[in-house]
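Each chain gets a letter, A, B and so on, in the order the sequences are listed, and its residues count up from 1.
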4 protein chains.
Amino acid sequence: MPPAPLRADAARNRERVLAAARAAVIAGDASLPLNEIARRAGVGVGTVYRHFPTRQALLEAVTDEPLALLLAEVRAAAADPDPGGGFARLVRAAGRIEIDNVGFAEVLTGDDPAAAATAAKRAELIAVAERVLERARAAGVVRADVTAGDVQRLVCGIGHAARLGGADPHERAELYTELLLAGLRP
Amino acid sequence: MPPAPLRADAARNRERVLAAARAAVIAGDASLPLNEIARRAGVGVGTVYRHFPTRQALLEAVTDEPLALLLAEVRAAAADPDPGGGFARLVRAAGRIEIDNVGFAEVLTGDDPAAAATAAKRAELIAVAERVLERARAAGVVRADVTAGDVQRLVCGIGHAARLGGADPHERAELYTELLLAGLRP
Amino acid sequence: MPPAPLRADAARNRERVLAAARAAVIAGDASLPLNEIARRAGVGVGTVYRHFPTRQALLEAVTDEPLALLLAEVRAAAADPDPGGGFARLVRAAGRIEIDNVGFAEVLTGDDPAAAATAAKRAELIAVAERVLERARAAGVVRADVTAGDVQRLVCGIGHAARLGGADPHERAELYTELLLAGLRP
Amino acid sequence: MPPAPLRADAARNRERVLAAARAAVIAGDASLPLNEIARRAGVGVGTVYRHFPTRQALLEAVTDEPLALLLAEVRAAAADPDPGGGFARLVRAAGRIEIDNVGFAEVLTGDDPAAAATAAKRAELIAVAERVLERARAAGVVRADVTAGDVQRLVCGIGHAARLGGADPHERAELYTELLLAGLRP
DNA sequence: TATGAATGAGAGTTCATTCAT
DNA sequence: CATGAATGAACTCTCATTCAT
């Protein structure tokens with residue numbers, strides 16, 4: 001049975017909470033104290049808990065959009081006739097998305113997701129990324145001793161590193177991504 | 001005046017606290033709640049506060065040894081006749097030490113240290129590392145668009161990445177370090 | 001906007017906390033450790049903090065009733081056609097109220113109150129008392145070299161003195177008040 | 001057996017502690033945290049505890065000199081041929097001494113002193129003051145319904161009141177003392 | 001369903017007092 | 001005797017989570 005459609009006001013509240021959480025995440029704060037989120041959303045704490053029983057659930061909801069985005073990029077990468085170009089595209093997209101969404105890494109590399117939808121997206125993401133990597137490896141443009149998991153972790157590490165320097169991490173993230181791509185070549 | 005030699009019991013307690021903190025850090029938890037540390041060290045809270053007035057002070061104490069170790073490595077790297085070899089040595093040592101000490105990155109890249117000794121070590125560390133990088137750059141074995149700060153951050157990122165995969169991060173850290181070194185070449 | 005009416009349970013809890021605090025104050029202890037108050041009120045600490053964020057706020061709440069009472073008395077004193085009688089009434093009322101409320105002096109003579117309501121009452125109290133004193137002075141029934149502040153302090157001093165003797169301070173307070181009134185005559 | 005004469009260094013330390021405590025008391029702080037006193041005296045906490053096992057003992061030691069002073073004044077008051085003048089002298093002296101020694105009131109009106117010497121001085125003080133008051137009462141210059149204890153408490157109250165106004169309490173104390181004397185007349 | 005009050009565990013911090021050195 | 005390290009209770013304050021309204 002499909003999830004019962006939310007009542008209009010419930011949906012509005014859910015959206016408000018999501019917006020507040022998204023804003024926090026974009027501002028670089030992934031701690032998401034639910035009390036605070038509720039306050040910013042202009043909603044009672046209980047309402048937050050109703051829609052998102054755990055911090056993890058909220059995080060997944062917030063990350064759903066960037067996750068879908070990345071999935072699209074990975075599919076595009078898999079469709080790229082150039083294995084090396086596809087792989088680079090994947091890494092660059094992951095880097096960009098990761099840097100703009102604190103907490104994204106957590107969803108991607110953490111424990112099994114709470115929501116089935118997230119789990120599914122993540123699984124497909126990994127499967128397709130695996131294929132992209134495989135192809136690049138076969139084409140001899142990526143080291144053979146690196147797994148898809150490694151790439152995933154390295155992208156997260158890159159994001160982490162870029163965020164360390166204060167101020168605007170985007171430029172750093174770009175540079176670090178290029179370094180990573182260079183390092184991944186055989 | 002040399003730091004007054006601690007009384008035997010004071011030294012023992014200090015060591016116990018340090019050991020508890022070190023254990024926590026090695027277990028991957030750098031939050032170091034002072035109350036909890038006290039409990040684990042079998043010591044009153046007040047004792048922890050006497051020796052380490054702030055979490056930062058405790059963290060610096062815990063990190064003092066690895067910091068000294070890294071400093072020695074960096075000096076050795078500076079003394080290496082081979083600029084590229086020296087640089088690689090520096091990066092590898094940093095990676096190894098970073099992976100074994102959660103919180104090390106915090107001391108290295110965070111706000112100004114509380115303890116003068118830590119500040120001094122850190123300053124020298126950075127200065128010497130800068131020279132090592134400079135020399136490697138001049139020898140044409142490292143990209144010119146990368147600063148010492150970038151290297152520092154990247155090592156932290158590598159450590160972060162290696163820790164993401166669960167279980168034993170050492171092997172991963174080694175691989176990632178080699179990737180980083182490769183990526184840093186022009 | 002009027003202060004939002006408290007929910008029934010919230011009001012009940014607030015009242016319990018106030019009662020516990022009042023009991024402590026009447027028992028002569030104005031230190032009001034908030035967690036102890038919570039315990040005695042049979043309420044979580046957080047609840048105390050919700051209603052009274054600081055010790056000062058709680059003290060003001062406890063003192064609110066006697067403050068209102070005194071204010072009424074002072075107004076009545078100002079309305080008394082006999083300047084001397086009005087002034088005596090003021091002093092006697094202040095003495096009586098002060099002796100029954102440890103901490104009242106603190107609110108009356110201490111730093112600026114936290115709550116606007118308290119500040120307003122206090123300000124009016126002082127202003128009206130000033131008028132009462134002025135009138136008594138003009139009528140030649142009170143020394144000219146005594147300010148309203150002096151009277152306030154002296155009443156507090158009287159209360160302090162009465163409390164020193166142990167047991168029931170009321171009788172003493174009455175006597176001391178009469179002495180004070182006699183001493184204040186030209 | 002007379003108290004064993006202190007060793008020279010012990011006596012010096014005792015004096016240092018006393019000086020620190022006296023300074024604190026004169027500065028208007030009678031809380032005397034023994035830790036802090038020790039620090040200011042340049043002495044270990046233990047030393048303070050050895051010489052003055054309780055806060056009360058320290059307080060009595062600090063107050064010993066003013067107590068002796070007041071005793072002398074009271075004796076002089078008793079010797080004054082003018083009963084009213086003698087009584088006034090007593091009250092004025094008490095007021096002056098009380099205002100300069102926070103904590104003096106505590107020793108005078110508090111529980112039984114810890115030290116025998118203090119107890120003796122206090123007992124004599126009270127006895128002589130009682131005689132002074134009696135004489136003044138017999139001469140009809142002081143109200144009959146006031147006890148020596150009342151006078152003692154009132155002087156403390158006066159001191160308390162004078163201290164409430166901030167800044168220099170001496171002038172206020174003088175005024176309040178005159179008010180008290182006036183109020184005590186029949 | 002939504003609300004937000006209540007809860008209470010837990011972190012941080014201070015300080016009087018004891019006791020090993 | 002002197003020292004000052006150690007102790008731990010007491011207190012303030014915060015926040016995730018529950019639950020009465």
Side-chain angles (χ1 to χ4, degrees), chain A residues 6-14 16-17 31-39 41-51 53-55, chain B residues 4 6-14 16-17 31-39 41-51 53-55, chain C residues 4 6-14 16-17 31-39 41-55, chain D residues 4 6-14 16-17 31-39 41-51 53-55:
Chain A
L6 283 178
R7 252 168 49 181
D9 56 343
R12 193 175 52 245
N13 278 334
R14 187 177 194 282
R16 277 196 201 166
V17 172
S31 63
L32 294 185
L34 297 198
N35 262 322
E36 182 58 16
I37 296 292
R39 208 186 49 73
V43 139
V45 222
T47 305
V48 176
Y49 273 86
R50 164 168 302 271
H51 291 297
T54 66
R55 193 181 149 281
Chain B
L6 280 180
R7 247 169 50 182
D9 57 343
R12 192 175 53 244
N13 277 331
R14 188 177 194 281
R16 275 197 204 166
V17 171
S31 65
L32 296 186
L34 298 197
N35 265 325
E36 181 59 16
I37 295 291
R39 207 185 51 71
V43 137
V45 221
T47 304
V48 176
Y49 271 86
R50 166 174 294 272
H51 291 296
T54 66
R55 189 185 152 279
Chain C
L6 282 180
R7 248 168 53 182
D9 58 342
R12 193 175 51 246
N13 278 330
R14 187 175 194 281
R16 274 196 204 169
V17 172
S31 65
L32 297 184
L34 296 197
N35 56 354
E36 179 61 14
I37 295 291
R39 208 187 49 74
V43 138
V45 221
T47 304
V48 176
Y49 273 86
R50 166 174 293 272
H51 291 296
F52 310 101
T54 65
R55 189 185 153 279
Chain D
L6 284 178
R7 252 170 46 185
D9 56 342
R12 193 174 54 244
N13 277 335
R14 187 175 194 283
R16 276 197 203 168
V17 172
S31 63
L32 295 185
L34 297 198
N35 261 321
E36 182 60 15
I37 295 291
R39 206 186 50 72
V43 139
V45 223
T47 305
V48 176
Y49 273 86
R50 164 167 303 273
H51 290 297
T54 65
R55 193 182 150 280

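- Shown here for B:V48 and B:A38, the closest heavy-atom pair between the two residues is CG2-CB, 3.5 Å.
- The heavy-atom pair separating C:F52 from C:L34 by the smallest distance is O-CD1, 4.1 Å.
- Distances from the side chain of B:D9 to the nucleotides F:dA6, E:dG12, E:dA6 place F:dA6 closest.
- Summarising the geometry, atom CG belonging to A:D9 is positioned 10.0 Å from atom OG1 belonging to A:T47; distances are rounded to the nearest 0.5 Å.
- Pairing for E:dG8 goes to F:dC15, judged as Watson-Crick or G-U wobble with the two contacts each under 3.5 Å.
- B:L34 has its CG atom 7 Å from the P atom of E:dT13, to the nearest Å.
- Not one N or O on the side chain of C:R16 forms a donor-acceptor pair closer than 3.5 Å with the backbone of C:V43.
- The 5' end of DNA chain E is approached more closely, in terms of each residue's nearest nucleotide, by C:N13 than by the other of B:E36 and C:N13.
- Residue C:H51 places at least one side-chain N or O closer than 4.0 Å to OP1 or OP2 of E:dA6.
- A 3.5 Å limit on both hydrogen-bonding distances identifies F:dA2 as the Watson-Crick or G-U partner of E:dT21.
- Nearest to the side chain of C:V45, among F:dC13, E:dT3, E:dT18, sits F:dC13.
- Taking atom CZ on B:R39 and atom C1' on E:dA9, their separation rounds to 14 Å, with Å as the unit.
- Listed nucleotides E:dT7, E:dA2, F:dT3 differ in distance to C:V43; the shortest reach to its side chain belongs to E:dT7.
- Within the 4.0 Å cut-off from OP1 or OP2 of F:dA16, not a single side-chain nitrogen or oxygen of A:R55 is found.
- Atom-to-atom distance recorded for C:E36:CD and C:S31:OG is 9.0 Å, nearest 0.5 angstrom.
- Straight-line distance from the CZ atom of C:R12 to the P atom of E:dT7: 10 Å, rounded to whole Å.
- Whole-Å rounding puts the D:R14 CZ to F:dC1 P distance at 13 Å.
- One can place CD1 of D:I37 at 17 Å from C1' of F:dG4, the figure rounded to the nearest angstrom.
- Relative to the side chain of A:N35, the nucleotides F:dA6, F:dA16, F:dC1 differ in distance, and F:dA16 lies closest.
- Mapping C:G46 and D:R16 onto DNA chain F by nearest heavy atom places D:R16 closer to the 5' end of the strand.
- Of the candidate nucleotides E:dC15, F:dA2, F:dA16, F:dA16 has the atom lying nearest to any side-chain atom of A:Y49.
- Place B:G44 and C:L32 on DNA chain F by their nearest nucleotides, and B:G44 ends up nearer the 5' end.
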